[in-house]
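One-based numbering, in listed order, for ligands and for the atoms of each.
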Amino acid sequence: MTQGADNRVAIVTGASRGIGRAIAVELAGEKYYVIINYKSNDQAAAETLGRVRAAGGDGETVKFDVADTAEAERAMEDIVKRFPVIDALINNAGVTADNLFLMMPEAEWDSVIGTTLKGFYNMTKPVLKRMLRQKKGSIVSISSVAGLIGNKGQANYAAAKAGLIGASRSIASEVAKKGIRINVVAPGLIETDMIKDAPVEMITNIIPMGRIGKPEEVAAVVRFLCSDDASYITGQVISVNGGMM
Ligand code: NAP
């Protein structure tokens, strides 16, 4: 299948698994052509594409490390060349490398900050240039409750996720008059591979709803923020966390 003339186009980073996959499938339900980025897991990315098609959309998988400027530049040059309009960018790719700050080696600091913030820079810049030309578009970045309140053992992750909020709010105000909206979604604890080693039972006790969230519950908010129903929303952070804080 190829992109239909009436398809909108969305790029979702880190879409081979977890929240990114749910976002890809959710947007496919709205007939988006979804560009499914991922770093290494070919089989999982292919499965996301299968689910995107089953949901009524179409798309393709594109493997590159969002934090690697040369790789990302090459991939984005090709995407921008092939797609005259890019309607949505979802900066979702993220990693954790938890440690108490004083025990944290530089590599753990750099990998988390790099994936999130260099990734944001590498993806948002080319897409924003295109969106400014087309005078429309929506960019949504996936932060975290840790970016709002911090979290013991996650100084790198919290810094990266808070950075996404600061960058998004700043750029949102730079382009607000140009028809481009830039928002952030801050999930709480969501059932994905990322939290497989987390003490879920203990954390569940501090979630007012008494349960962890599903990737689809984050994806639904992203879909809304990309839609015209969110036409007056920019520079905002929407928490999806079962009532935490
Ligand atoms: P996940 O299940 O671990 O999936 C991570 C995804 O990101 C995978 O598709 C992975 O690709 C991709 N990825 C990692 N590094 C990348 C890179 N450098 N370039 C391109 N893709 C990369 O994580 P998740 O739980 O779905 O998390 C998605 C986002 O939500 C992250 O930003 C995370 O910080 C945020 N978040 C998650 C939770 C939670 O509780 N799960 C809570 C708050 C915020 P491969 O499959 O190829 O490795």
Quiz item: What atoms of ligand 1 come within less than 4.0 Å of a heavy atom belonging to Asp193?
Solution: 2 (O)
Exercise. Determine, considering heavy atoms only, which of Ile190, Val200, Val112 sits nearest to atom 39 (C) of ligand 1.
Key: Ile190
Exercise. Not counting sequence neighbours, which residues clear side-chain hydrogen bond (donor to acceptor under 3.5 Å, both in side chains) with Lys125? List them please.
Key: Tyr121
Quiz item: Got a sec, which hydrophobics cluster with Met202, joining ILVMFWY side chains under 4.5 Å apart, including via others?
Solution: none
Exercise. First locate atom CD of Glu216, then atom CD1 of Ile190, and finally report the distance between them rounded to the nearest 0.5 Å.
Key: 10.0 Å
Quiz prompt | Atoms of ligand 1 close to Tyr38 [distance to a heavy atom under 4.0 angstrom, numbered from 1] | solution = 20 (C), 21 (N), 47 (O)
Self-check item: Residue Tyr157 vicinity, atoms of ligand 1 by number, heavy atom under 4.0 Å
Solution: 33 (C), 34 (O), 35 (C), 36 (N), 37 (C), 43 (C), 44 (C)
Self-check item: Protein contact to atom 19 (N) of ligand 1 [nearest heavy atom, distance to 0.1 Å]
Solution: Val66 N, 3.0 Å
Self-check item: Met131 side, atom CE; Ile180 side, atom CD1 - distance, nearest 0.5 Å
Solution: 7.0 Å
Exercise. Before signing off on this row, confirm whether Gly20 and ligand 1 have an N or O atom pair separated by under 3.5 Å.
Key: no
Quiz item: So how far is it from Ser239 OG to Ile149 CD1, rounded to the nearest 0.5 Å?
Solution: 9.5 Å
Quiz item: Does Thr13 have a non-hydrogen atom less than 4.0 Å from ligand 1?
Solution: no
Quiz prompt | Enumerated ligand 1 atoms positioned under 4.0 Å from heavy atoms of Leu189 | solution = 40 (O)
Exercise. Take Arg133 and Lys129 through the side chain to side chain contact (heavy atoms under 4.5 Å, CB included) test and state the conclusion after the steps.
Key: CA-CA 7 Å; Arg133 277 225 304 263; Lys129 279 185 192 159; over 6 Å; no
Quiz item: Between the candidates Ala146, Gly18, Gly119, Ser16, which shows the shortest non-hydrogen contact distance to atom 11 (O) of ligand 1?
Solution: Ser16
Quiz item: Which atoms of ligand 1 have any heavy atom of Ala15 under 4.0 Å away?
Solution: 9 (O)
Quiz item: Is it the case that more than 12 heavy atoms not belonging to Glu60 sit under 6.0 Å from its CD atom?
Solution: yes
Exercise. Please write down residue, atom name and distance for the protein heavy atom closest to atom 13 (N) of ligand 1.
Key: Ala93 CB, 4.1 Å
Quiz item: Counting only heavy atoms not in Lys63, do more than 12 fall under 6.0 Å of its NZ?
Solution: yes
Quiz item: For ligand 1, does Asn92 get within less than 4.0 Å through its side chain, its backbone, both, or neither, judged by non-hydrogen atoms?
Solution: both
Quiz item: Side chain, backbone, both or neither: which part of Asn37 comes within less than 4.0 Å of ligand 1 when only heavy atoms are counted?
Solution: side chain
Quiz item: Counting both backbone and side chain atoms, is some N or O of Thr192 under 3.5 Å from an N or O of ligand 1?
Solution: yes
Quiz item: For ligand 1, is any non-hydrogen atom under 4.0 Å from Phe64's backbone (N, CA, C, O), its side chain (CB onward), both, or neither?
Solution: backbone
Quiz item: Which is it for Lys161 and ligand 1 at heavy atoms under 4.0 Å: side chain, backbone, both or neither?
Solution: side chain
Quiz item: Please state which protein non-hydrogen atom is closest to atom 3 (O) of ligand 1 and give its distance, to 0.1 Å?
Solution: Arg17 NH1, 3.6 Å
Practice problem: Taking all non-hydrogen atoms of both residues into account, name the closest pair between Ala158 and Gly150 and its distance. | Solution: CB-CA, 4.0 Å
Exercise. Considering heavy atoms of the protein only, find what lies nearest to atom 47 (O) of ligand 1 and give residue, atom and distance to 0.1 Å.
Key: Ser40 N, 2.6 Å
Quiz item: Is Val140 reachable from Val85 through a run of I, L, V, M, F, W or Y residues, each pair having side-chain heavy atoms under 4.5 Å apart?
Solution: no
Practice problem: Assess the side chains of Gln236 and Asn183: does a donor N or O sit below 3.5 Å from an acceptor N or O? | Solution: no
Quiz item: When you look at CG of Asp228, are more than 12 heavy atoms from neighbouring residues, nucleotides or ligands closer to it than 6.0 Å?
Solution: no
Exercise. Return the residue, atom name and 0.1 Å-rounded distance of the protein heavy atom closest to atom 44 (C) of ligand 1.
Key: Ser143 O, 3.1 Å
Quiz item: Relative to the heavy atoms of Gly188, which atoms of ligand 1 are at a distance of less than 4.0 Å?
Solution: 38 (C), 40 (O), 42 (C), 43 (C)
Self-check item: Ile195-ligand 1 polar pair, N/O distance under 3.5 Å
Solution: no
Quiz item: Heavy-atom contacts under 4.0 Å between Ala45 and ligand 1: side chain, backbone, both, or neither?
Solution: neither
Quiz item: Does the side chain of Asn91 come under 3.5 Å of the side chain of Thr124 through a donor N or O and an acceptor N or O?
Solution: yes
Self-check item: Residue and atom name of the nearest protein heavy atom (relative to atom 6 (C) of ligand 1), distance in Å to one decimal
Solution: Gly14 O, 3.6 Å
Quiz item: Which ligand 1 atoms does Asp65 reach within 4.0 Å, using its non-hydrogen atoms?
Solution: 17 (C), 18 (N), 19 (N)
Quiz item: Are Phe83 and Tyr33 close enough that their ring centers fall under 6.0 Å?
Solution: yes
Quiz item: Would you say Ile19 has any N or O atom under 3.5 Å from an N or O of ligand 1, going by distance alone?
Solution: yes
Exercise. Give the residue, atom name and distance (to 0.1 Å) of the protein heavy atom nearest atom 30 (O) of ligand 1.
Key: Ile142 CG2, 3.3 Å
Quiz item: Which atom names give the shortest non-hydrogen contact between Asn156 and Glu108, and what distance separates them?
Solution: ND2-O, 3.2 Å
Self-check item: Reported CD1-to-OG1 distance for the pair Ile195 and Thr96, which is rounded to 0.5 angstrom
Solution: 10.5 Å
Self-check item: Under-4.0 Å heavy-atom contact with ligand 1, by part of Asn41 that carries it
Solution: both
Quiz item: Counting heavy atoms only, which part of Val95 comes closer than 4.0 Å to ligand 1: side chain, backbone, both or neither?
Solution: side chain
